[in-house]
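Source: prediction; values computed, not measured. For the single chain, residues carry numbers from 1 onward in sequence order.
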Amino acid sequence: MVDLLYKIAQMLPGEATEDPQELLRTHRIAQAQELLKLGIRRCDDHFVCSHADGRMMQPTWITHEWVRLIRGTALPVYRFDDLRHAHATHLLASGAHPKVASERLGHSKVGITLDLYGHVMPGMQEVAAARADAALQDAMKKR
């Protein structure tokens, strides 16, 4: 677990040498192997950040460990959970489809994502109107 946090802390913006998804995939495989040694089969509802036997870690421990690890980096000090919010905000602000962001965040409905992060998508109405106008102009040209 600490190894995963350490690797994440080393991933400075623009300098990442590892793919975050591959890092998570590798962590899940190692986690599954460790659980099998204990006779526990890993399933999708197991926590990424967990004790060796799969039990949930206290979120405060994860945050404290995260802060300790990033002290020696150029990263600003954020709570570990702030990374999730930053990820969602950057996805939506950069134009990612809300459904994609919702799936990445694990929200059961895209409406949850839009309720929480819709404010970072200013101009949604303008973009929709411009696209509809462009489609209408294209259709009229084809007549």
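Here the straight-line distance linking atom NZ of K141 with atom CG of L136 works out to 11.0 Å at 0.5 Å rounding. Here the CG atom belonging to L105 is positioned 7.0 Å from the CG atom belonging to L91, to the nearest 0.5 angstrom. Note that CZ of R68 is 12.5 Å distant from NE2 of H64, once rounded to the nearest 0.5 Å. Considering CG of D138 and CG of D133, their distance stands at 9.5 Å, rounded to 0.5 Å. A distance of 7.5 Å separates CG in L36 from CZ in R41, rounded to the nearest 0.5 Å. Atoms NE2 and OH, on H90 and Y117 in that order, are 11.5 Å from each other to the nearest 0.5 Å.
Looking only at side-chain heavy atoms (C-beta outward), R84 and H87 stay at 4.5 Å or farther from each other. Counting heavy atoms from C-beta on, the side chains of K99 and T113 never come closer than 4.5 Å.
In the hydrophobic cluster analysis, where Ile, Leu, Val, Met, Phe, Trp and Tyr join through side-chain heavy atoms closer than 4.5 angstrom, M57 is grouped together with L83. Cluster annotation: V110 is not connected to V100 through the hydrophobic network of ILVMFWY side chains, with a link wherever side-chain heavy atoms come within less than 4.5 Å.
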Query - I62/Q58 under side chain to side chain contact (heavy atoms under 4.5 Å, CB included): CA gap, chis, key distance, verdict - result: CA-CA 7 Å; I62 296 167; Q58 289 298 318; over 6 Å; no
Query - side chain to side chain contact (heavy atoms under 4.5 Å, CB included) evaluation trace for M121 with L114 - result: CA-CA 9 Å; M121 301 171 59; L114 290 171; 4.1 Å; yes
Query raised in the report: What do the steps show when you test S50 against M56 for side chain to side chain contact (heavy atoms under 4.5 Å, CB included), and what is the final call?
Result: CA-CA 5 Å; S50 65; M56 181 182 90; over 6 Å; no
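With hydrogens and angles left out, the side-chain atoms of H107 and S102 include no donor and acceptor closer than 3.5 Å.
When every heavy atom of D53 is checked against every heavy atom of L35, the shortest pair comes out as C-CD2, 3.4 Å.
Applying the side-chain hydrogen bond (donor to acceptor under 3.5 Å, both in side chains) rule to E103 yields no partners; only residues at least two apart in sequence or on another chain are considered. For D82, the salt bridge (Lys or Arg N to Asp or Glu O under 4.0 Å) partners two or more places apart in sequence, or in a different chain, are R79.
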